Each structure stands twice: as C-alpha cells, then as structure tokens.
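Just so you know, these numbers use all the heavy atoms, side chains as well, and skip hydrogens, waters and symmetry mates. What you see is a predicted model; the values in this text were computed from it and never measured.
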Amino acid sequence: MKAVILAGGSGEGLSPFTQKEQKESISILGRSIISYTLEGLKKAGIKEAIVIVNEKQKQIEESISTDISIEFVRQKRNGISGAALDGMEKAGDDEILLAFGDIIASSDFYISLMNVYALGAKAVFSLVPVYEGMQTYGLAKIKNDRIEIVKEGSTLALAGAYILPYGDFNNLLEYFTKLAPISKFFVWSGNWIDIGYPEDLLNAIELLLRNSRTIISNSANISKTALIGSNVVIDDNAVVEDYAIIKGPTYIGKNAYIGSYSLIRDFSSIEEKSSIGAYCEVSHSLIEPYSDIGSKSYVTYSIIGKRAKIGASVITSNYPANIIRGKVNKLGALISPEETISHGSVLPPNYRK
C-alpha cells in the first residue's frame, strides 16, 4: 500500500510565518515536522509515499531524510479534498493510506492504523481525544460501535491518518461520512499533536522532550564552567560557552552556539547552527536553524524563524495571550524566517511579524 501525505496547505494558523516557510518543513528537535510522519509510516511498514506539495516543494524536499521511496506531486485541485484526490489519482491503487504531514505522533499511532486494517476493514479512521480548540478539528462520535462524522458536540477529533478506498468525491468529509458505515476505527490516547498554531509547536517540544534523558554528543564543545542539568540533549559540534546554564528538558542542535552566562531552560529547542548571544534567557521556545538571538535578550513562549535576526536586549512578553489550543494562556512572539527585530524592542504577547 502507498501512503499519500498532504503537505501543500497554506498554514493560515501560523501566518505570516508560513508565507515564507512551508509548515511541514519547520524543524523541531533537529527533524522537520513531515519527517515525524514519514518515520512513523516507515515503522508501520510503508515503503512508498506520494507527498502532495505546493510551490514550496523545494523546502519540503530539503527537509526530508528517509529511505522510504518518495514521489512529489504538485497539487492541482483546491483544498484538502483536492489534495487527497490528486494523491489517489497518482497512487492508482484500490486503497491508500492518507496521512497529514503536519501531525507529530509516535510510530505506534501508524502501527495501530495498519493493525486495524489487517483485520479486513475497507476503511479505517484514527480518532484522538481533544480538549481545546474543538472548532479547529474535524470531529466524530462513536455510536453503536460505528463512527459518525459531526461538526460539533464531540471531543473526538479525526486524527489525520486513514486508510481509504479509491473514491470520486468533491468533499473529503462527505466522503468520510459515506464510508463511516463500512469502516473500522481506533481511538489513540498516546502522543499526538496537530501542528496548526504557534502554541502547537511549543506543545510539540514539550511532548517530544517530556521523557527525554541526557544525551551529549562527544563532538560537542562544552566549557568546563558551563552547567548542564538533567534531561538535556546536546547534538554534534554544538558549543556551550563559559558559565552558561542548560536546564532541561532542552534540545541544543547541531553546530548551535550558546553564549557565555546564558540560561536555556524548560522545553526549548535550539535548532541547527542557531546562535544565542551572551547573557540571554530562553525558555519554552523554538529557535529555528541559522537564526541569531542578540546578547542580553529574553525569549519565552516564542518561535523564531529560520535565519531571523533578533537584536540585542529584545524582550518578548507572553502573558496574557489569546490561545486557541494552548494549555496555558502564554504566547510570546512568532517571528517569520529572515525577519529582523531591532535592538531593545519589547514585543507584546501574540506578536507576529
């Protein structure tokens, strides 16, 4: 069976960030979002995938490293329904595994999908309990051991991975409704996040680091005066300067640089070749590859895009913030790739540039 992975959406919930970078290529803990989907599918036994992309195809291609055979297809029809149809048409199989490329879940999620399919189902749906932002998900109910697709009145979301027979439809949800009486399903209660809003990226870091253990690369260059706490992952050739404190759970990416006397703490992901200046504090934040944080800056609950430049003494404030899916009402800045923030700026909660 071939997998069809959808990675051509506009990512409106992360705008304007996603005007410059395709959502599925965003890096978290050294791996792009779509790579988490591919890794899960590989462990579930999938060997061939068709990835539906838009004009940012190159970003997706460059963000993937896997030995699954991948064919990229530029989306022709509009919307999610059109993308699914484009994938089905290309696959040419009686059945496909349709997966969203913006889901971060453990590999057991995809293995569960295939296990239910092995029982002889014509269609299989994955469901997951949700507690915030219900209006942002496709929902379903379980009634008499069958699923029913609904628009409200449920806390079970369609979880973004399905096995579907080839079909001709105009609306994917209406096709789901048609298939529901002959389908099987499973409810997933393990690790799962749909990346649609800034808080999802921060929650994903927490999810992925929650059970981490301390791993420090032999090639990392850590000053003898730096203090490394527990549950810290430091990747190859990272540099941690004098008197810096790395307090876990935290990830420091390949060739990243942490300046003297800086404090990196609590569910932060400092990605490849990014640089944190001296005397900075970073917590609950995602710092994308090749970005620079100026000295004496304070960055919390924020996402800093690839190659963005944050001036010296910049402060992000994160409370109170309007959160759609968050567990806490804190959200700092969402800075798009290659943007610049002036020295000494104080950014309000929910700031976007």
What's the verdict on ring pair (Phe, Tyr, Trp, His ring centres under 6.0 Å) for Y319 and Y301, showing C-alpha distance, side-chain angles and the deciding distance?
CA-CA 10 Å; Y319 179 87; Y301 287 90; 9.8 Å; no
Just grab all the ring-ring contact (aromatic ring centres under 6.0 Å, His included) pairs involving residues 8-46, residues at least two apart or on different chains.
none
Kindly indicate whether the side chain of [X], heavy atoms from C-beta on, has any atom under 4.5 Å from the side chain of [Y].
X    : Y    : result
N221 : N237 : no
S27  : S32  : no
E288 : I26  : yes

So, taking the atom named [atom1] in [X] and the one named [atom2] in [Y], what distance separates them when rounded to the nearest 0.5 Å?
X    : Y    : atom1 : atom2 : answer
D266 : L209 : CG    : CG    : 10.5 Å
I195 : L14  : CD1   : CG    : 8.0 Å
H284 : S269 : NE2   : OG    : 13.0 Å
K58  : Q22  : NZ    : CD    : 15.0 Å
I310 : D292 : CD1   : CG    : 9.0 Å
E199 : I323 : CD    : CD1   : 4.5 Å

Report yes or no: do Y197 and I103 belong to one cluster of Ile/Leu/Val/Met/Phe/Trp/Tyr joined by side chain heavy-atom distances under 4.5 Å?
no
ILVMFWY cluster, F267 and I264 together (side-chain gap under 4.5 Å):
no
Trace of the side-chain contact (heavy atoms from CB on, under 4.5 Å) decision for L347 with I341
CA-CA 9 Å; L347 308 181; I341 301 297; 4.2 Å; yes
With sequence neighbours left out, the residues meeting ring-ring contact (aromatic ring centres under 6.0 Å, His included) with Y166 are none
Test salt bridge (Lys or Arg N to Asp or Glu O under 4.0 Å) on E61 and K56 and set out the steps.
CA-CA 9 Å; E61 288 185 21; K56 299 189 185 77; over 6 Å; no
Does K306 come within less than 4.0 Å of E21, counting only side-chain N to carboxylate O?
yes
Under 6.0 Å between the ring centres of F169 and Y175?
yes
Ring centres of F176 and Y162 under 6.0 Å apart?
yes
Is there a donor-acceptor contact under 3.5 Å linking the side chains of E241 and Y261?
no
When you measure from the centre of the six-membered ring of Y290, is the NZ or CZ of R307 closer than 6.0 Å and no more than 45° off the axis?
yes
Cation-pi check for Y137 against R325: NZ or CZ below 6.0 Å from the six-membered ring centre and within 45 degrees of the axis, yes or no?
yes
D242 and T225 have their tightest heavy-atom pair at CA-OG1, 3.2 Å
Return the minimal non-hydrogen interatomic distance between A204 and I104, and the atom names on each side.
CB-CD1, 4.0 Å
